[in-house]
Participant: 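Structure in structure tokens, see below.
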Number of protein chains: 2
Amino acid sequence: MQHAMTIGRLAATAGVSVETIRYYQRRGLLDEPRKPFRGYRHYPPDMAKRVGFIKRAQALGFTLEEIASLLRLDGADCCADTRELAAHKVALIERKLLDLGAVRDALSALVRQCDTGQAEGLCPIISVLAQDGE
Amino acid sequence: MQHAMTIGRLAATAGVSVETIRYYQRRGLLDEPRKPFRGYRHYPPDMAKRVGFIKRAQALGFTLEEIASLLRLDGADCCADTRELAAHKVALIERKLLDLGAVRDALSALVRQCDTGQAEGLCPIISVLAQDGE
DNA sequence: CTTGAGTCCGTACCATACTACGGAGTTTAG
DNA sequence: CTAAACTCCGTAGTATGGTACGGACTCAAG
């Protein structure tokens, strides 16, 4: 590991800002290397991978809290927990997809109405989501 | 409309807090009924449906800003502006559908990997997230 | 050896979407 | 008719996920 970096290089490598790195440290997602007696902290290159992990998990809809717990079970045999969390997210997303589809249909019906010039029905956006599903 | 409610009953019916109702009023998502000379404002029952719509739209990932413009489309008849706005929202939703669909596919592929039990040591979800890929 | 860039650290600020609080007025149940 | 409960209204605080700032220190190039 001769390629230890400063925080600035780490941030650049990981594609985030220095402030974001520090924020993740405060949130407990990254640990802060010991500060040398004189000089700057140096970060191992793996840290950049960890930041990448965080960013990818975020893009999949995990909160920083959830990501922190994923990172805590990293490598452990708690695959089942991770699987549960992911499966739960999938279920949430499936519902969102259905509901979003309904809203899209209502809106595009409105657009079609406009195009065919029939001012008959009024747009019922509210009612397409009106049932207390969930 | 003999069933006009006070803000407290509205909030209870809609399953949110009084403060949330007021907040939506401030944000322009709900209008505030006139205050009688002496007494409390009273809210029509439809208002609860409107709040329900807001909540469900939020769960779909719309911001309050976006929801405000969706609400403006409810009950709209077709003028050019309405058509434009609706078409724009449809495009927005199509994009969300694609993004969410991709997230779901990625996540459920990961869950399937867990299930096919080829877990030699590391959880597949963790190891995929840890990858530098992309 | 100076200067400019980068680091350290704390604090403050941003947007979003609430949530809580306090004091005054109003309503309603007993 | 009194007292609890509710409303009104403004202001202030919370959580999330950062971003910005400022002063002191340190490192690296000229």
Side-chain angles (χ1 to χ4, degrees), chain A residues 2-44 47-48 50-71 85 89 92 96, chain B residues 2-44 47-48 50-71 92 96:
Chain A
Q2 68 275 57
H3 293 295
M5 331 176 193
T6 63
I7 195 172
R9 276 188 62 66
L10 168 63
T13 303
V16 301
S17 76
V18 168
E19 301 304 324
T20 300
I21 299 288
R22 288 199 207 290
Y23 178 67
Y24 290 166
Q25 290 171 342
R26 287 198 295 281
R27 290 291 303 261
L29 284 93
L30 298 177
D31 34 87
E32 203 172 0
R34 261 180 301 292
K35 192 187 171 184
F37 309 103
R38 196 144 288 175
Y40 301 152
R41 293 170 211 281
H42 38 270
Y43 295 79
M47 198 76 95
R50 205 171 162 95
V51 176
F53 179 102
I54 295 168
K55 285 288 151 192
R56 280 184 291 276
Q58 250 185 334
L60 293 180
F62 294 97
T63 65
L64 291 187
E65 259 312 293
E66 290 168 333
I67 295 167
S69 59
L70 287 179
L71 287 169
L85 185 54
K89 291 271 173 209
L92 283 181
K96 283 192 188 186
Chain B
Q2 66 275 56
H3 292 295
M5 327 177 195
T6 63
I7 196 172
R9 275 186 62 66
L10 168 63
T13 303
V16 301
S17 75
V18 169
E19 301 304 324
T20 300
I21 300 288
R22 289 200 206 290
Y23 178 66
Y24 291 165
Q25 290 171 342
R26 289 198 294 281
R27 291 290 303 259
L29 283 92
L30 299 177
D31 32 88
E32 203 172 0
R34 260 180 301 292
K35 192 187 172 183
F37 308 104
R38 196 144 289 175
Y40 302 152
R41 294 170 211 280
H42 36 271
Y43 295 79
M47 199 76 95
R50 204 172 163 94
V51 176
F53 177 87
I54 294 169
K55 284 288 147 194
R56 280 181 291 275
Q58 251 185 331
L60 296 180
F62 292 100
T63 65
L64 291 187
E65 262 310 295
E66 291 168 332
I67 295 168
S69 60
L70 286 177
L71 284 170
L92 177 80
K96 276 192 195 220

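Heavy-atom basis, side chains included; hydrogens, waters and symmetry copies ignored. First the proteins, then the strands, lettered A, B, ... as listed; each starts at 1.
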Participant: Nearest 0.5 Å, what's the CZ-CD distance between A:Arg22 and A:Gln25?
Facilitator: 7.0 Å

Participant: Within the structure, does a side-chain N or O atom of A:Thr6 lie under 4.0 Å from either OP1 or OP2 of C:dG6?
Facilitator: no

Participant: Looking at A:Leu64 and A:Arg27, what are the two nearest heavy atoms and their distance?
Facilitator: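 Smallest heavy-atom distance, with atoms named: CB-NH2, 3.9 Å.
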
Participant: Kindly indicate whether the side chain of A:Tyr40, heavy atoms from C-beta on, has any atom under 4.5 Å from the side chain of A:Ile7.
Facilitator: no

Participant: Report which part of the nucleic acid A:Phe37 touches: base, sugar-phosphate, or nothing (heavy-atom distance under 4.0 Å, all strands).
Facilitator: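 If one applies the 4.0 Å heavy-atom cut-off, A:Phe37 turns out to touch nothing in the nucleic acid.
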
Participant: Whole-Å distance between C:dT26 P and B:Arg9 CZ?
Facilitator: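 It works out to 22 Å between those atoms.
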
Participant: B:Leu10 CG to D:dC6 C1': how many Å, rounded?
Facilitator: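 Taking CG of B:Leu10 and C1' of D:dC6, I get 14 Å after rounding.
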
Participant: How is B:Arg22 classified with respect to the nucleic acid when contacts are heavy atoms under 4.0 Å: base, sugar-phosphate, or nothing?
Facilitator: base

Participant: B:Met5 has an atom CE; how far is it from atom P of C:dT28, in whole Å?
Facilitator: 16 Å

Participant: Are more than 12 heavy atoms from other residues, nucleotides or ligands located less than 6.0 Å from atom CD of A:Glu32?
Facilitator: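 Yes.
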
Participant: For C:dC18, does either OP1 or OP2 sit under 4.0 Å from a side-chain N or O belonging to B:Gln58?
Facilitator: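 Affirmative; the distance criterion is met.
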
Participant: Counting side-chain heavy atoms from CB outward, which of C:dC21, D:dT7, D:dC27 is closest to A:Tyr40?
Facilitator: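 Of C:dC21, D:dT7, D:dC27, D:dC27 is nearest to the side chain of A:Tyr40.
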
Participant: Hey, does the side chain of B:Lys35 come within less than 4.0 Å of C:dG25's phosphate (OP1/OP2), counting only N and O?
Facilitator: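 No, no such contact exists.
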
Participant: Can you measure B:Ile7 atom CD1 to D:dC6 atom C1' for me and round it to whole angstrom units?
Facilitator: 11 Å

Participant: In whole angstrom, give the distance that lies between atom CZ of B:Phe62 and atom C1' of C:dT16.
Facilitator: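 One finds 17 Å between C1' of C:dT16 and CZ of B:Phe62, rounded.
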
Participant: In whole angstrom, what separates B:Arg26's CZ from C:dA17's C1'?
Facilitator: 11 Å

Participant: Could you check whether any side-chain N or O of A:Arg50 sits under 3.5 Å from a backbone N or O of A:Leu29, counting only pairs where one atom can act as donor and the other as acceptor?
Facilitator: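 Yes, A:Arg50 side chain to A:Leu29 backbone: donor-acceptor pair under 3.5 Å.
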
Participant: Hey, which of these two, A:His42 or B:Tyr24, hits DNA chain C nearer its 5' end, going by closest nucleotide?
Facilitator: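 On the 5' side of the pair lies A:His42.
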
Participant: Could you check how far OH of A:Tyr23 sits from P of D:dC21, rounded to whole Å?
Facilitator: 19 Å

Participant: Quick one: is A:Lys55 getting a side-chain N or O under 4.0 Å of the D:dG17 phosphate, OP1 or OP2?
Facilitator: no

Participant: Rounding to an integer number of Å, can you tell me how far B:Arg41 CZ sits from C:dT26 P?
Facilitator: 13 Å

Participant: When all nucleic acid strands are considered with a 4.0 Å heavy-atom cut-off, which category describes B:Gln25: base, sugar-phosphate, or nothing?
Facilitator: nothing

Participant: Taking the nucleotide of DNA chain D with the closest heavy atom to each, which residue, A:Thr20 or A:Arg38, is nearer the 5' end?
Facilitator: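 Nearest-nucleotide comparison on DNA chain D picks A:Thr20.
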
Participant: I want to verify a distance call: between C:dT7, C:dC18, C:dT19, whose nearest atom is closest to the B:Glu19 side chain?
Facilitator: C:dT19

